[in-house]
Amino acid sequence: MTINVSDAGGRHRSPFRTFARRALALGGAGLVSVTGVVALSGSAQAAGSTLGAAAAGSGRYFGTAVAANHLGESGYATTLDTEFNAVTPENEMKWDAVEGTRNTFNFSNADSIVSHAQSKNMKVRGHTLVWHSQLPSWVSGLAATDLRTAMNNHITQVMTHYKGKIYAWDVVNEAFQDGSSGARRSSPFQDKLGDGFIEEAFKTARSVDSAAKLCYNDYNTDGVNAKSNAVYNMVKDFKARGVPIDCVGFQSHFNSNSPVPSDYQANLQRFADLGVDVQITELDIEGSGSAQATNYSNVVKACLAVTRCTGMTVWGIPDKYSWRASGTPLLFDDNYGKKAAYTAVLTALGGSSSGGGTTDPGTGGGTDPGTGTGSKTCTAAYTATQTWQGGFNGQVTITAGSAAITGWSVKVTLGTGQTTTGVWNGTTAWDSTGKVMTVTPSYNGSLAAGASTSFGFTVQANGNTAAPTVSVCTAS
Ligand code: 9MR
């Protein structure tokens, strides 16, 4: 099996992608569009000819996740500045990024995104203050009293730094379990502080920045199901008791195992009816061509049909930088060509193309990055070269894009139970979970344009023969 994943500067993938996702019926039946009223400012240009401008026509924003390390790439920055009027830092505001060491705050990467957004008049969604993932080990190691202090301090420091610059904060992210239990997810916060940590986080957040909208954000809550019911009940309870909450984010990561639910609009509407805004916060839909385009169109129409759906954010710009790059889930191909999905979204938003830009016919694939930009890129393709009872050898082939590179970096995430017993032709650094290795060259960092090298590793399966997840390749 070969899986191609292409160039990006992302971090390790969330374990959430491996969770069983609730399969819901596909379809957009009953989706209708309405027009909102509020005028928005934004950088998007001619009225209705870009995503941002078209969304602004109904008083909404159209945003994207942004990674600070791509802002210097001209195709990336140009597409961002032309098409979008809102951004969410993809990783740069997470706890591990801003407070890796207790009370030492590093805002430089997040600041670069926020100042870019401000200079272009874009809204910024703050993502995220309290989350079990990308949480430094010093936090998880704290006892209850200290953890409470650390949580409130983190919220206070980060929100103070960005006070006045953030449209909406994901105050708490992914606090509920998947599946039918409707229970809260086990986390250091949940386990040590109990259910009350969520409302405490919201109250602290309100006390710091009363102008920012305060959101709860989660995935697998896009349709009506046990998990979304649990979130719904929490929001209802918060509203009844006056706990400050202004919005609910629906991540909306869709693929064939987790398709756009047929009751997506109805679900957004029932939350809106509780008196909160709703937002589509991390939209991506794996696939290609007209099927992908139709799904995107249905999602946009669902938001437009809910008056309190204030905006949509896609989780990245070109496919090559997606956390699910191999599924080509975004609106732009690797060369920033507009895919069929782009046109479908623009049309659903009520806009129409001005004829500029390139158009991808939407045939899918899209794993060859970088041509046309001149910037350094690479792809990483995984192959299982040998398997035996109890284990296998994996090989990752790195191929430079259209420019020569002098270094590369690839993350490999092992499956549950798996361990490695050896890595060759690469240098490894492990994360604190012991599951994610970042592999960089040992001697083989310099590659001419289009040239390849590979590294390999042995995996002890311990009952799990699934291929490890090989993340995007970052070139230098
Ligand atoms: O897109 C993000 C990716 O670069 C990171 O490696 C990953 C690490 O957890 O987080 C991704 O973003 C996640 C978001 O912060 C929360 N919802 C799920 C997103 C996809 O995993």
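Basis for what follows: all heavy atoms, side chains included, without hydrogens, waters or symmetry-related copies. Indexing begins at 1, ligand by ligand and atom by atom, following the structure's order.
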Apply the side chain to side chain donor-acceptor pair (under 3.5 Å) test between T281 and each candidate in N173, T128, N217; give the one that qualifies. N217
Which atoms of ligand 1 are found less than 4.0 Å from any heavy atom of Q134? 7 (C), 8 (C), 9 (O), 10 (O)
Taken to the nearest 0.5 Å, the spacing of T419 OG1 from K435 NZ works out to 7.0 Å
Can an N or O of N173 be found at a distance shorter than 3.5 Å from an N or O of ligand 1? no
Pairing of K339 and D319 as salt bridge, 4.0 angstrom limit: yes
Taking only heavy atoms of H253, which atoms of ligand 1 are found under 4.0 Å from at least one of them? 18 (C), 19 (C)
Is there a donor-acceptor contact under 3.5 Å linking the side chains of N153 and N103? yes
Any idea which part of W315 is under 4.0 Å from ligand 1, heavy-atom wise: side chain, backbone, both or neither? side chain
Given K411, K94, R324, identify the one with the heavy atom nearest to atom 13 (C) of ligand 1. K94
Distance filter under 4.0 Å to W131 heavy atoms, resulting ligand 1 atoms: 9 (O), 15 (O), 16 (C)
T128, portion touching ligand 1 at heavy-atom distance under 4.0 Å: neither
More than 12 non-hydrogen atoms from neighbouring residues, nucleotides or ligands closer than 6.0 Å to NZ on K236, yes or no? no
SB check D111 K165 (cutoff 4.0 Å): no
Roughly how far apart are K376 NZ and L447 CG, rounded to 0.5 Å? 11.0 Å
W323 N/O to ligand 1 N/O under 3.5 Å: no
Under a 4.0 Å heavy-atom limit, does N217 contact ligand 1 with its side chain, its backbone, both, or neither? neither
